[in-house]
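Counting starts at 1 for both ligands and their atoms, in listed order.
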Amino acid sequence: MQKLQGIAVSPGVAVGEAFVLDNEGFRIPRRFVARDAVDSELDRLNRAFEETRAQTESHRDTVARELGPQYAAIFDAHLQMLGDARLRAELDESIRVRHYSPEYAVSRVLRRYARVFQSLESSFLAERSNDIVDIERRLLRVLLGKPREELSNLTSPVLILAYNLTPSETAALDRRFVMGFVTEIGGAAGHTAIVAEGMEIPAVVGTGPFLNDVSGGDLVIVDGNSGLVILQPDEETIARYRFEVEQERRRHEKLEELRDVPAETLDGTRIHLMGNIEFPSEAPHCLERAVDGIGLYRTEFLYLGSDAVPGEEDHYKAYADVVQAMQGRPVVIRTLDLGADKLWGGNGSQDSSPLGLRSIRLSLRNVPLFKTQLRALLRAAALGEVHIMFPLISSLHELRQAKMILADVVDDLVESGLPFSRNVKVGMMVEVPSAVIMLDQFVEEVDFLSIGTNDLIQYTLAVDRGNKDVADLYSSSDPALLRLIDMTIRAAERRNLPVSLCGQMSGSTTYTMLLLGLGLRCLSVPPSAVYEIKRVIRSVTVEQCRATAARALTMENARNIRNFLKEELKKVLPESHDDR
Ligand code: PEP
Ligand code: MG
(Lines give C-alpha, C1' and ligand atoms only; values in the text may rest on other atoms or scores of the structure.)
(Ligands and ions follow the chains in the order given, each with its own letter.)
Protein backbone atom coordinates (compact mmCIF):
# COMPACT_ATOMS: atom_id res chain seq x y z
CA MET A 1 0.00 0.00 0.00
CA GLN A 2 1.35 3.42 -0.92
CA LYS A 3 -0.17 6.81 -0.06
CA LEU A 4 0.24 10.02 -2.04
CA GLN A 5 -0.92 13.47 -1.11
CA GLY A 6 -2.15 15.69 -3.94
CA ILE A 7 -4.51 18.64 -4.25
CA ALA A 8 -8.19 17.77 -3.87
CA VAL A 9 -10.00 19.49 -6.73
CA SER A 10 -13.26 17.64 -7.20
CA PRO A 11 -15.03 16.03 -4.25
CA GLY A 12 -16.06 12.42 -3.89
CA VAL A 13 -14.37 9.10 -3.27
CA ALA A 14 -13.80 6.34 -5.80
CA VAL A 15 -12.34 2.87 -5.48
CA GLY A 16 -11.43 1.04 -8.65
CA GLU A 17 -8.93 -0.26 -11.16
CA ALA A 18 -6.22 1.98 -12.54
CA PHE A 19 -6.02 3.00 -16.17
CA VAL A 20 -2.51 4.44 -16.43
CA LEU A 21 -1.44 7.01 -19.01
CA ASP A 22 2.17 8.08 -18.97
CA ASN A 23 3.30 11.53 -20.00
CA GLU A 24 3.09 10.68 -23.66
CA GLY A 25 -0.40 9.43 -23.15
CA PHE A 26 0.42 5.74 -23.46
CA ARG A 27 -1.79 3.36 -21.66
CA ILE A 28 0.04 0.94 -19.42
CA PRO A 29 -2.24 -2.08 -19.24
CA ARG A 30 -2.28 -5.01 -16.93
CA ARG A 31 -3.41 -7.76 -19.15
CA PHE A 32 -2.82 -11.42 -18.64
CA VAL A 33 -2.71 -13.53 -21.73
CA ALA A 34 -4.53 -16.81 -22.08
CA ARG A 35 -2.33 -19.92 -21.88
CA ASP A 36 -2.86 -20.82 -25.53
CA ALA A 37 -1.99 -17.27 -26.65
CA VAL A 38 1.46 -17.27 -25.06
CA ASP A 39 3.30 -18.21 -28.26
CA SER A 40 1.61 -15.59 -30.39
CA GLU A 41 2.24 -12.96 -27.69
CA LEU A 42 5.93 -13.91 -27.64
CA ASP A 43 5.94 -13.43 -31.41
CA ARG A 44 4.37 -10.01 -30.95
CA LEU A 45 7.10 -9.05 -28.49
CA ASN A 46 9.71 -10.30 -30.95
CA ARG A 47 8.30 -8.20 -33.75
CA ALA A 48 8.14 -5.16 -31.48
CA PHE A 49 11.82 -5.59 -30.64
CA GLU A 50 12.71 -5.96 -34.32
CA GLU A 51 10.77 -2.87 -35.30
CA THR A 52 12.19 -0.84 -32.41
CA ARG A 53 15.70 -1.95 -33.36
CA ALA A 54 15.11 -0.92 -36.96
CA GLN A 55 13.76 2.50 -35.88
CA THR A 56 16.69 3.03 -33.51
CA GLU A 57 19.23 2.14 -36.22
CA SER A 58 17.58 4.53 -38.58
CA HIS A 59 17.65 7.31 -35.92
CA ARG A 60 21.29 6.57 -35.24
CA ASP A 61 22.18 6.82 -38.93
CA THR A 62 20.26 10.08 -39.40
CA VAL A 63 21.81 11.69 -36.33
CA ALA A 64 25.31 10.48 -37.32
CA ARG A 65 24.86 11.94 -40.79
CA GLU A 66 23.45 15.28 -39.66
CA LEU A 67 25.17 15.93 -36.34
CA GLY A 68 28.19 13.64 -36.31
CA PRO A 69 28.93 10.16 -34.92
CA GLN A 70 29.56 11.35 -31.34
CA TYR A 71 25.87 12.35 -31.07
CA ALA A 72 24.74 9.01 -32.46
CA ALA A 73 26.55 7.02 -29.76
CA ILE A 74 23.55 7.18 -27.46
CA PHE A 75 21.55 5.14 -29.95
CA ASP A 76 24.27 2.50 -29.95
CA ALA A 77 23.74 2.22 -26.21
CA HIS A 78 20.00 1.81 -26.82
CA LEU A 79 20.66 -0.89 -29.40
CA GLN A 80 22.87 -2.67 -26.93
CA MET A 81 20.10 -2.68 -24.37
CA LEU A 82 17.59 -3.87 -26.96
CA GLY A 83 19.95 -6.72 -27.76
CA ASP A 84 20.59 -7.62 -24.13
CA ALA A 85 19.94 -11.33 -23.72
CA ARG A 86 19.13 -11.09 -20.00
CA LEU A 87 16.51 -8.46 -20.56
CA ARG A 88 14.89 -10.55 -23.27
CA ALA A 89 14.98 -13.67 -21.13
CA GLU A 90 13.30 -11.82 -18.29
CA LEU A 91 10.56 -10.51 -20.57
CA ASP A 92 10.03 -13.88 -22.20
CA GLU A 93 9.72 -15.49 -18.80
CA SER A 94 7.17 -12.91 -17.64
CA ILE A 95 5.02 -13.78 -20.62
CA ARG A 96 5.61 -17.53 -20.61
CA VAL A 97 5.44 -18.22 -16.87
CA ARG A 98 3.38 -15.38 -15.42
CA HIS A 99 1.23 -14.93 -18.51
CA TYR A 100 1.82 -11.17 -18.60
CA SER A 101 0.90 -9.35 -21.79
CA PRO A 102 3.98 -8.03 -23.69
CA GLU A 103 2.97 -4.42 -22.89
CA TYR A 104 2.65 -5.14 -19.22
CA ALA A 105 5.88 -7.15 -19.13
CA VAL A 106 7.79 -4.37 -20.93
CA SER A 107 6.54 -1.64 -18.67
CA ARG A 108 6.96 -3.68 -15.49
CA VAL A 109 10.47 -4.93 -16.18
CA LEU A 110 11.90 -1.77 -17.73
CA ARG A 111 10.44 0.47 -15.04
CA ARG A 112 12.08 -1.70 -12.44
CA TYR A 113 15.43 -1.29 -14.19
CA ALA A 114 14.86 2.47 -14.47
CA ARG A 115 14.19 2.71 -10.74
CA VAL A 116 17.38 0.82 -9.92
CA PHE A 117 19.43 3.21 -12.07
CA GLN A 118 17.65 6.23 -10.63
CA SER A 119 18.61 5.24 -7.10
CA LEU A 120 22.33 4.96 -7.92
CA GLU A 121 24.70 7.50 -6.41
CA SER A 122 26.51 8.22 -9.65
CA SER A 123 24.68 10.94 -11.56
CA PHE A 124 26.00 9.48 -14.83
CA LEU A 125 24.30 6.14 -14.14
CA ALA A 126 21.20 7.81 -12.74
CA GLU A 127 20.87 9.66 -16.03
CA ARG A 128 20.84 6.29 -17.83
CA SER A 129 17.43 5.64 -16.34
CA ASN A 130 16.07 8.13 -18.91
CA ASP A 131 17.43 5.92 -21.67
CA ILE A 132 15.59 2.94 -20.23
CA VAL A 133 12.38 4.97 -20.06
CA ASP A 134 12.99 6.00 -23.65
CA ILE A 135 13.31 2.38 -24.77
CA GLU A 136 10.19 1.43 -22.85
CA ARG A 137 8.26 4.20 -24.62
CA ARG A 138 9.44 3.16 -28.04
CA LEU A 139 8.56 -0.47 -27.44
CA LEU A 140 5.14 0.50 -26.12
CA ARG A 141 4.53 2.82 -29.05
CA VAL A 142 5.08 -0.13 -31.37
CA LEU A 143 3.04 -2.52 -29.24
CA LEU A 144 0.14 -0.20 -28.46
CA GLY A 145 -0.16 2.00 -31.51
CA LYS A 146 -1.57 5.49 -31.12
CA PRO A 147 -1.67 7.00 -27.62
CA ARG A 148 -4.67 8.55 -25.83
CA GLU A 149 -7.28 7.29 -28.26
CA GLU A 150 -8.29 4.49 -25.97
CA LEU A 151 -9.45 7.05 -23.48
CA SER A 152 -12.51 7.69 -25.58
CA ASN A 153 -13.16 3.97 -26.05
CA LEU A 154 -13.46 2.79 -22.48
CA THR A 155 -15.79 -0.12 -21.87
CA SER A 156 -15.51 -0.71 -18.13
CA PRO A 157 -15.23 1.56 -15.05
CA VAL A 158 -11.70 2.81 -14.33
CA LEU A 159 -9.74 5.43 -12.42
CA ILE A 160 -7.45 7.36 -14.73
CA LEU A 161 -3.94 7.98 -13.47
CA ALA A 162 -2.06 10.32 -15.79
CA TYR A 163 0.83 12.71 -15.97
CA ASN A 164 -1.60 15.38 -17.11
CA LEU A 165 -5.07 15.79 -18.57
CA THR A 166 -5.82 18.97 -20.48
CA PRO A 167 -9.16 20.71 -19.89
CA SER A 168 -10.41 19.45 -23.26
CA GLU A 169 -9.29 15.87 -22.57
CA THR A 170 -11.06 16.08 -19.25
CA ALA A 171 -14.16 17.42 -20.94
CA ALA A 172 -14.12 14.46 -23.33
CA LEU A 173 -13.99 11.83 -20.54
CA ASP A 174 -16.81 9.35 -20.61
CA ARG A 175 -18.60 9.78 -17.30
CA ARG A 176 -20.14 6.35 -17.53
CA PHE A 177 -16.72 4.73 -17.15
CA VAL A 178 -14.40 7.28 -15.56
CA MET A 179 -14.91 7.00 -11.80
CA GLY A 180 -12.17 9.48 -10.95
CA PHE A 181 -8.73 10.68 -11.95
CA VAL A 182 -5.35 11.64 -10.59
CA THR A 183 -2.69 13.71 -12.36
CA GLU A 184 0.93 14.22 -11.43
CA ILE A 185 0.86 17.91 -12.36
CA GLY A 186 -1.82 20.63 -12.19
CA GLY A 187 -2.96 23.16 -9.61
CA ALA A 188 -6.04 23.86 -7.54
CA ALA A 189 -7.74 26.31 -9.86
CA GLY A 190 -6.64 25.08 -13.30
CA HIS A 191 -9.45 24.45 -15.76
CA THR A 192 -8.88 20.70 -15.64
CA ALA A 193 -9.88 20.92 -11.99
CA ILE A 194 -12.89 23.10 -12.79
CA VAL A 195 -14.11 20.77 -15.52
CA ALA A 196 -13.74 17.75 -13.21
CA GLU A 197 -15.90 19.46 -10.63
CA GLY A 198 -18.43 20.43 -13.29
CA MET A 199 -18.59 16.80 -14.43
CA GLU A 200 -18.73 15.62 -10.81
CA ILE A 201 -15.79 13.25 -11.22
CA PRO A 202 -13.70 12.86 -8.03
CA ALA A 203 -10.23 14.19 -8.83
CA VAL A 204 -6.83 14.84 -7.29
CA VAL A 205 -4.08 16.76 -9.12
CA GLY A 206 -0.48 17.76 -8.47
CA THR A 207 0.64 14.58 -6.68
CA GLY A 208 4.12 14.73 -8.20
CA PRO A 209 5.63 11.69 -9.95
CA PHE A 210 4.17 8.27 -9.07
CA LEU A 211 3.26 6.61 -12.36
CA ASN A 212 6.37 4.46 -12.24
CA ASP A 213 4.98 2.78 -9.15
CA VAL A 214 1.67 1.71 -10.59
CA SER A 215 0.40 -0.49 -13.38
CA GLY A 216 -2.86 -0.71 -15.25
CA GLY A 217 -5.36 -2.82 -13.32
CA ASP A 218 -3.90 -2.10 -9.87
CA LEU A 219 -6.51 -1.25 -7.28
CA VAL A 220 -6.51 2.45 -6.35
CA ILE A 221 -8.48 4.76 -4.06
CA VAL A 222 -8.97 8.39 -5.05
CA ASP A 223 -10.19 10.65 -2.29
CA GLY A 224 -11.26 13.90 -3.92
CA ASN A 225 -12.24 15.34 -0.52
CA SER A 226 -8.83 15.14 1.11
CA GLY A 227 -6.49 14.84 -1.90
CA LEU A 228 -5.28 11.42 -0.78
CA VAL A 229 -4.50 8.71 -3.34
CA ILE A 230 -3.89 5.16 -2.14
CA LEU A 231 -2.18 2.66 -4.42
CA GLN A 232 -2.75 -1.03 -3.84
CA PRO A 233 -4.72 -0.48 -0.62
CA ASP A 234 -4.98 -3.28 1.94
CA GLU A 235 -8.29 -4.99 2.73
CA GLU A 236 -8.98 -2.87 5.78
CA THR A 237 -8.47 0.41 3.90
CA ILE A 238 -10.67 -0.76 1.03
CA ALA A 239 -13.44 -1.65 3.48
CA ARG A 240 -13.11 1.72 5.20
CA TYR A 241 -13.38 3.60 1.91
CA ARG A 242 -16.24 1.51 0.61
CA PHE A 243 -18.04 2.48 3.80
CA GLU A 244 -17.16 6.12 3.11
CA VAL A 245 -18.52 5.91 -0.44
CA GLU A 246 -21.78 4.63 1.01
CA GLN A 247 -21.83 7.39 3.66
CA GLU A 248 -21.26 9.97 0.98
CA ARG A 249 -24.10 8.60 -1.08
CA ARG A 250 -26.38 8.91 1.96
CA ARG A 251 -25.15 12.41 2.69
CA HIS A 252 -26.00 13.44 -0.87
CA GLU A 253 -29.41 11.87 -0.62
CA LYS A 254 -30.04 13.87 2.54
CA LEU A 255 -28.83 17.08 0.93
CA GLU A 256 -31.33 16.58 -1.87
CA GLU A 257 -34.04 17.38 0.66
CA LEU A 258 -32.87 20.98 0.29
CA ARG A 259 -33.95 21.09 -3.31
CA ASP A 260 -37.29 22.77 -2.80
CA VAL A 261 -36.52 25.11 0.07
CA PRO A 262 -35.29 28.64 -0.65
CA ALA A 263 -31.66 29.76 -0.28
CA GLU A 264 -32.60 32.07 2.55
CA THR A 265 -30.76 33.01 5.74
CA LEU A 266 -32.32 32.40 9.17
CA ASP A 267 -33.29 36.09 9.29
CA GLY A 268 -35.01 35.97 5.92
CA THR A 269 -32.50 37.34 3.40
CA ARG A 270 -32.89 35.60 0.07
CA ILE A 271 -29.61 34.72 -1.67
CA HIS A 272 -29.52 34.06 -5.39
CA LEU A 273 -27.78 30.76 -6.03
CA MET A 274 -26.78 30.32 -9.62
CA GLY A 275 -24.89 27.54 -11.43
CA ASN A 276 -21.56 27.60 -13.27
CA ILE A 277 -21.46 25.50 -16.42
CA GLU A 278 -19.03 24.61 -19.19
CA PHE A 279 -21.39 22.63 -21.44
CA PRO A 280 -25.06 22.90 -22.35
CA SER A 281 -25.52 19.36 -21.00
CA GLU A 282 -24.90 20.72 -17.49
CA ALA A 283 -27.88 23.09 -17.59
CA PRO A 284 -30.42 20.35 -16.74
CA HIS A 285 -28.26 19.33 -13.72
CA CYS A 286 -28.50 22.92 -12.53
CA LEU A 287 -32.23 22.97 -12.99
CA GLU A 288 -32.61 19.67 -11.13
CA ARG A 289 -30.99 21.42 -8.19
CA ALA A 290 -33.42 24.31 -8.53
CA VAL A 291 -30.82 27.05 -9.07
CA ASP A 292 -31.99 30.60 -9.76
CA GLY A 293 -30.23 30.69 -13.11
CA ILE A 294 -26.84 30.24 -14.75
CA GLY A 295 -24.34 32.74 -13.35
CA LEU A 296 -21.45 31.71 -15.59
CA TYR A 297 -21.51 29.79 -18.84
CA ARG A 298 -17.89 29.28 -19.99
CA THR A 299 -18.47 29.24 -23.74
CA GLU A 300 -14.85 28.54 -24.71
CA PHE A 301 -15.55 24.86 -24.11
CA LEU A 302 -17.45 24.91 -27.40
CA TYR A 303 -14.03 25.24 -29.00
CA LEU A 304 -12.04 22.92 -26.76
CA GLY A 305 -12.36 19.34 -27.81
CA SER A 306 -13.04 20.18 -31.44
CA ASP A 307 -10.56 21.07 -34.16
CA ALA A 308 -13.19 22.60 -36.38
CA VAL A 309 -14.10 26.26 -35.97
CA PRO A 310 -17.60 26.43 -34.49
CA GLY A 311 -19.83 28.52 -36.75
CA GLU A 312 -22.63 30.90 -35.78
CA GLU A 313 -25.19 28.08 -35.87
CA ASP A 314 -23.06 25.94 -33.51
CA HIS A 315 -22.89 28.84 -31.06
CA TYR A 316 -26.57 29.58 -31.44
CA LYS A 317 -27.61 25.97 -30.86
CA ALA A 318 -25.50 25.68 -27.70
CA TYR A 319 -26.83 28.95 -26.24
CA ALA A 320 -30.42 28.20 -27.27
CA ASP A 321 -30.17 24.79 -25.56
CA VAL A 322 -29.06 26.37 -22.30
CA VAL A 323 -31.57 29.23 -22.40
CA GLN A 324 -34.44 26.87 -23.14
CA ALA A 325 -33.32 24.33 -20.54
CA MET A 326 -33.37 27.06 -17.89
CA GLN A 327 -37.07 27.78 -18.51
CA GLY A 328 -37.09 31.54 -18.16
CA ARG A 329 -34.34 31.84 -15.53
CA PRO A 330 -31.51 34.27 -16.34
CA VAL A 331 -28.42 32.92 -18.10
CA VAL A 332 -25.12 34.81 -17.94
CA ILE A 333 -23.15 33.85 -21.01
CA ARG A 334 -19.49 34.77 -20.93
CA THR A 335 -17.76 35.51 -24.21
CA LEU A 336 -14.74 33.40 -25.17
CA ASP A 337 -12.01 33.01 -22.59
CA LEU A 338 -9.57 30.98 -24.68
CA GLY A 339 -5.85 30.96 -23.98
CA ALA A 340 -3.71 30.21 -20.89
CA ASP A 341 -4.58 26.58 -20.06
CA LYS A 342 -7.55 26.61 -22.45
CA LEU A 343 -5.66 26.23 -25.71
CA TRP A 344 -7.33 25.62 -29.00
CA GLY A 345 -5.54 24.75 -32.22
CA GLY A 346 -8.00 25.80 -34.90
CA ASN A 347 -7.16 29.45 -35.51
CA GLY A 348 -7.46 30.47 -31.86
CA SER A 349 -4.98 30.88 -29.06
CA GLN A 350 -1.86 28.83 -28.64
CA ASP A 351 -0.55 31.24 -26.06
CA SER A 352 -0.34 29.34 -22.79
CA SER A 353 0.87 32.27 -20.72
CA PRO A 354 -1.75 33.58 -18.27
CA LEU A 355 -0.30 37.01 -19.06
CA GLY A 356 -0.47 36.52 -22.80
CA LEU A 357 -2.98 36.79 -25.59
CA ARG A 358 -5.96 35.23 -23.87
CA SER A 359 -9.63 35.86 -23.28
CA ILE A 360 -11.11 39.24 -24.29
CA ARG A 361 -7.73 40.25 -25.74
CA LEU A 362 -7.97 37.40 -28.20
CA SER A 363 -11.58 38.27 -29.10
CA LEU A 364 -10.69 41.93 -29.70
CA ARG A 365 -7.83 40.91 -32.02
CA ASN A 366 -10.06 38.54 -33.90
CA VAL A 367 -13.18 40.58 -34.58
CA PRO A 368 -14.85 38.14 -37.04
CA LEU A 369 -14.59 35.36 -34.42
CA PHE A 370 -15.95 37.69 -31.74
CA LYS A 371 -18.81 38.91 -33.94
CA THR A 372 -19.83 35.35 -34.77
CA GLN A 373 -20.24 34.67 -31.08
CA LEU A 374 -22.04 37.95 -30.35
CA ARG A 375 -24.52 37.42 -33.19
CA ALA A 376 -25.41 33.99 -31.83
CA LEU A 377 -25.73 35.43 -28.33
CA LEU A 378 -28.15 38.15 -29.35
CA ARG A 379 -30.17 35.67 -31.37
CA ALA A 380 -30.38 33.31 -28.38
CA ALA A 381 -31.46 36.30 -26.27
CA ALA A 382 -34.74 36.26 -28.22
CA LEU A 383 -35.50 32.93 -26.47
CA GLY A 384 -35.06 33.98 -22.84
CA GLU A 385 -33.20 36.17 -20.38
CA VAL A 386 -29.61 36.35 -21.61
CA HIS A 387 -26.89 38.48 -20.03
CA ILE A 388 -23.58 38.97 -21.81
CA MET A 389 -20.39 39.03 -19.77
CA PHE A 390 -16.89 39.99 -20.94
CA PRO A 391 -13.98 38.14 -19.29
CA LEU A 392 -10.57 39.42 -18.18
CA ILE A 393 -11.35 43.11 -18.67
CA SER A 394 -8.28 45.01 -17.54
CA SER A 395 -8.88 48.49 -18.98
CA LEU A 396 -11.77 50.77 -19.85
CA HIS A 397 -10.52 50.81 -23.40
CA GLU A 398 -11.09 47.05 -23.70
CA LEU A 399 -14.59 47.29 -22.28
CA ARG A 400 -15.50 50.13 -24.64
CA GLN A 401 -14.09 48.29 -27.65
CA ALA A 402 -16.07 45.16 -26.76
CA LYS A 403 -19.27 47.19 -26.36
CA MET A 404 -18.69 48.96 -29.66
CA ILE A 405 -18.36 45.66 -31.47
CA LEU A 406 -21.55 44.49 -29.77
CA ALA A 407 -23.32 47.64 -31.04
CA ASP A 408 -22.07 46.89 -34.57
CA VAL A 409 -23.47 43.39 -34.31
CA VAL A 410 -26.86 44.80 -33.30
CA ASP A 411 -26.83 46.92 -36.50
CA ASP A 412 -25.86 43.89 -38.59
CA LEU A 413 -28.67 41.84 -37.11
CA VAL A 414 -31.23 44.57 -37.74
CA GLU A 415 -30.21 44.48 -41.40
CA SER A 416 -30.29 40.69 -41.54
CA GLY A 417 -33.91 40.53 -40.43
CA LEU A 418 -33.13 37.52 -38.16
CA PRO A 419 -35.01 37.37 -34.85
CA PHE A 420 -32.84 38.63 -31.99
CA SER A 421 -33.09 40.71 -28.83
CA ARG A 422 -31.08 43.79 -28.00
CA ASN A 423 -32.55 43.70 -24.55
CA VAL A 424 -29.52 42.13 -22.89
CA LYS A 425 -27.65 43.25 -19.80
CA VAL A 426 -23.92 43.68 -20.39
CA GLY A 427 -21.50 42.99 -17.58
CA MET A 428 -17.88 42.20 -16.90
CA MET A 429 -15.81 39.80 -14.87
CA VAL A 430 -13.76 41.43 -12.15
CA GLU A 431 -10.69 39.23 -12.21
CA VAL A 432 -7.74 41.54 -12.79
CA PRO A 433 -6.55 43.90 -10.01
CA SER A 434 -6.49 46.86 -12.45
CA ALA A 435 -10.24 46.43 -12.92
CA VAL A 436 -10.82 46.66 -9.16
CA ILE A 437 -8.67 49.79 -8.96
CA MET A 438 -10.66 51.43 -11.77
CA LEU A 439 -14.08 50.20 -10.65
CA ASP A 440 -15.49 53.66 -9.95
CA GLN A 441 -15.31 54.18 -13.70
CA PHE A 442 -16.28 50.70 -14.81
CA VAL A 443 -19.50 50.75 -12.80
CA GLU A 444 -20.71 53.69 -14.93
CA GLU A 445 -20.48 51.55 -18.08
CA VAL A 446 -21.76 48.08 -17.20
CA ASP A 447 -25.03 46.57 -15.98
CA PHE A 448 -23.49 44.04 -13.58
CA LEU A 449 -20.23 42.66 -12.17
CA SER A 450 -19.13 39.14 -11.45
CA ILE A 451 -16.02 38.54 -9.38
CA GLY A 452 -13.74 35.87 -10.82
CA THR A 453 -11.59 34.90 -7.88
CA ASN A 454 -9.79 32.10 -9.74
CA ASP A 455 -7.95 34.66 -11.82
CA LEU A 456 -8.10 37.48 -9.31
CA ILE A 457 -6.06 35.37 -6.86
CA GLN A 458 -3.58 34.41 -9.58
CA TYR A 459 -3.02 37.99 -10.73
CA THR A 460 -3.05 39.56 -7.28
CA LEU A 461 -0.62 37.13 -5.70
CA ALA A 462 1.42 36.42 -8.86
CA VAL A 463 0.74 32.70 -8.43
CA ASP A 464 0.00 30.53 -11.46
CA ARG A 465 -3.36 28.91 -10.70
CA GLY A 466 -2.44 25.70 -12.50
CA ASN A 467 1.02 25.11 -11.06
CA LYS A 468 1.33 22.55 -8.28
CA ASP A 469 4.70 23.91 -7.16
CA VAL A 470 3.13 27.15 -5.97
CA ALA A 471 -0.25 25.70 -5.04
CA ASP A 472 0.40 26.38 -1.35
CA LEU A 473 0.66 30.11 -2.16
CA TYR A 474 -2.64 30.15 -4.05
CA SER A 475 -5.22 31.02 -1.43
CA SER A 476 -8.82 32.21 -1.36
CA SER A 477 -8.30 33.49 2.17
CA ASP A 478 -5.46 35.87 1.41
CA PRO A 479 -6.14 39.24 3.10
CA ALA A 480 -5.31 41.13 -0.11
CA LEU A 481 -7.98 39.16 -1.96
CA LEU A 482 -10.53 39.84 0.78
CA ARG A 483 -9.89 43.55 0.46
CA LEU A 484 -10.28 43.44 -3.33
CA ILE A 485 -13.60 41.60 -3.03
CA ASP A 486 -14.72 44.11 -0.41
CA MET A 487 -13.72 47.05 -2.66
CA THR A 488 -15.64 45.53 -5.57
CA ILE A 489 -18.81 45.05 -3.55
CA ARG A 490 -18.60 48.61 -2.16
CA ALA A 491 -18.14 50.06 -5.68
CA ALA A 492 -21.14 48.08 -6.95
CA GLU A 493 -23.28 49.12 -3.98
CA ARG A 494 -22.55 52.80 -4.60
CA ARG A 495 -24.16 52.44 -8.03
CA ASN A 496 -26.77 49.89 -6.99
CA LEU A 497 -25.23 47.49 -9.46
CA PRO A 498 -25.82 43.72 -9.18
CA VAL A 499 -22.63 41.90 -8.21
CA SER A 500 -21.99 38.20 -7.89
CA LEU A 501 -19.00 35.93 -7.34
CA CYS A 502 -18.43 33.01 -9.72
CA GLY A 503 -14.88 31.84 -8.90
CA GLN A 504 -14.48 28.39 -7.27
CA MET A 505 -14.33 30.10 -3.89
CA SER A 506 -18.12 30.57 -4.03
CA GLY A 507 -18.58 26.79 -4.07
CA SER A 508 -16.59 26.22 -0.88
CA THR A 509 -18.63 26.27 2.34
CA THR A 510 -15.62 27.70 4.19
CA TYR A 511 -16.20 31.07 2.52
CA THR A 512 -20.00 31.35 2.45
CA MET A 513 -20.33 33.31 5.71
CA LEU A 514 -17.51 35.63 4.67
CA LEU A 515 -19.03 36.34 1.25
CA LEU A 516 -22.51 36.99 2.64
CA GLY A 517 -21.00 39.14 5.37
CA LEU A 518 -19.13 41.22 2.82
CA GLY A 519 -22.51 41.91 1.21
CA LEU A 520 -22.83 39.46 -1.66
CA ARG A 521 -26.40 38.35 -2.33
CA CYS A 522 -25.68 36.32 -5.44
CA LEU A 523 -23.27 33.37 -5.68
CA SER A 524 -22.64 31.31 -8.78
CA VAL A 525 -21.33 27.86 -7.89
CA PRO A 526 -20.53 24.53 -9.57
CA PRO A 527 -23.76 22.47 -9.71
CA SER A 528 -22.28 19.87 -7.32
CA ALA A 529 -21.91 22.53 -4.61
CA VAL A 530 -25.44 23.98 -4.76
CA TYR A 531 -26.94 22.04 -1.84
CA GLU A 532 -23.94 22.36 0.48
CA ILE A 533 -23.90 26.13 0.00
CA LYS A 534 -27.64 26.37 0.42
CA ARG A 535 -27.37 24.48 3.70
CA VAL A 536 -24.88 27.02 5.05
CA ILE A 537 -27.02 29.93 3.87
CA ARG A 538 -30.01 28.45 5.71
CA SER A 539 -27.98 28.02 8.92
CA VAL A 540 -26.75 31.59 9.40
CA THR A 541 -28.02 35.10 10.02
CA VAL A 542 -26.77 38.09 8.08
CA GLU A 543 -25.65 39.60 11.38
CA GLN A 544 -23.44 36.59 12.14
CA CYS A 545 -21.97 36.77 8.66
CA ARG A 546 -21.27 40.50 8.95
CA ALA A 547 -19.43 39.98 12.22
CA THR A 548 -17.42 37.13 10.67
CA ALA A 549 -16.47 39.20 7.63
CA ALA A 550 -15.57 42.26 9.72
CA ARG A 551 -13.25 40.18 11.87
CA ALA A 552 -11.69 38.40 8.87
CA LEU A 553 -10.93 41.77 7.26
CA THR A 554 -8.82 42.74 10.26
CA MET A 555 -6.68 39.61 10.11
CA GLU A 556 -3.26 39.51 8.54
CA ASN A 557 -2.54 36.13 7.17
CA ALA A 558 -4.28 33.64 4.95
CA ARG A 559 -3.90 30.63 7.21
CA ASN A 560 -5.38 32.39 10.24
CA ILE A 561 -8.26 33.71 8.18
CA ARG A 562 -9.01 30.27 6.81
CA ASN A 563 -8.88 28.62 10.23
CA PHE A 564 -11.07 31.35 11.67
CA LEU A 565 -13.66 30.91 8.89
CA LYS A 566 -13.71 27.16 9.41
CA GLU A 567 -14.26 27.63 13.14
CA GLU A 568 -17.11 30.09 12.55
CA LEU A 569 -18.73 27.64 10.18
CA LYS A 570 -18.43 24.82 12.72
CA LYS A 571 -20.19 27.00 15.29
CA VAL A 572 -23.30 27.36 13.14
CA LEU A 573 -23.12 23.99 11.43
CA PRO A 574 -21.20 21.53 13.60
CA GLU A 575 -21.72 18.66 11.17
CA SER A 576 -20.46 20.74 8.25
CA HIS A 577 -18.47 18.74 5.78
CA ASP A 578 -14.88 19.91 5.86
CA ASP A 579 -14.34 21.08 2.31
CA ARG A 580 -11.46 22.64 0.40
C1 PEP B 1 -12.44 33.10 -12.48
O2 PEP B 1 -11.37 33.47 -12.95
O3 PEP B 1 -12.72 33.13 -11.26
C4 PEP B 1 -13.48 32.56 -13.37
C5 PEP B 1 -14.68 32.28 -12.93
O6 PEP B 1 -13.14 32.32 -14.66
P7 PEP B 1 -12.27 31.06 -15.14
O8 PEP B 1 -12.11 30.13 -13.99
O9 PEP B 1 -12.98 30.44 -16.29
O10 PEP B 1 -10.97 31.72 -15.54
MG1 MG C 1 -11.18 33.78 -15.08
Stepwise side chain to side chain contact (heavy atoms under 4.5 Å, CB included) test for Val499 and Val430: CA-CA 10 Å; Val499 54; Val430 179; over 6 Å; no
Go through ligand 1 atom by atom and flag the ones less than 4.0 Å from a non-hydrogen atom of Asp337. 9 (O), 10 (O)
Ile451, portion touching ligand 1 at heavy-atom distance under 4.0 Å: neither
Check if Gln458 has a non-hydrogen atom at a distance under 4.0 Å from any atom of ligand 1. no
Return the orientation label for the Tyr297 and Tyr319 ring planes: parallel under 30°, perpendicular over 60°, tilted otherwise. perpendicular
Determine, using heavy atoms of Gln504 and all atoms of ligand 1, whether some pair is separated by less than 4.0 Å. no
List ligand 1 atoms under 4.0 Å from Glu431, heavy atoms only on the residue side. 1 (C), 2 (O), 4 (C), 6 (O)
Are Ser500 and Ser450 linked by a side-chain donor-acceptor pair shorter than 3.5 Å? yes
Mark up the atoms of ligand 1 that fall under 4.0 Å of a heavy atom belonging to Asn454, in ascending order. 1 (C), 2 (O), 3 (O), 4 (C), 5 (C), 8 (O)
Are any side-chain N or O atoms of Ser394 and backbone N or O atoms of Ser434, one a donor and one an acceptor, separated by less than 3.5 Å? no
Show me which atoms of ligand 1 lie under 4.0 Å from any heavy atom of Ile194. 8 (O)
Give the intermediate values and the outcome of side chain to side chain contact (heavy atoms under 4.5 Å, CB included) for residues Arg375 and Phe420. CA-CA 8 Å; Arg375 280 172 66 94; Phe420 78 100; over 6 Å; no
Hey, which atoms in ligand 1 end up nearer than 4.0 Å to a heavy atom of Gly503? 3 (O)
For atom 7 (P) of ligand 1, what's the nearest protein heavy-atom neighbour? Residue, atom name and distance, please. His191 NE2, 3.3 Å
Minimum-distance protein heavy atom relative to atom 5 (C) of ligand 1: Arg298 NH2, 3.5 Å
Can you list the atoms of ligand 1 that are under 4.0 Å from a heavy atom of Asp455? 1 (C), 2 (O), 3 (O), 10 (O)
Which one holds for Met389 and ligand 1: side chain close, backbone close, both close, or neither close, with close meaning a heavy atom under 4.0 Å? neither
With a 4.0 Å cut-off on heavy atoms, does Met505 reach ligand 1? no
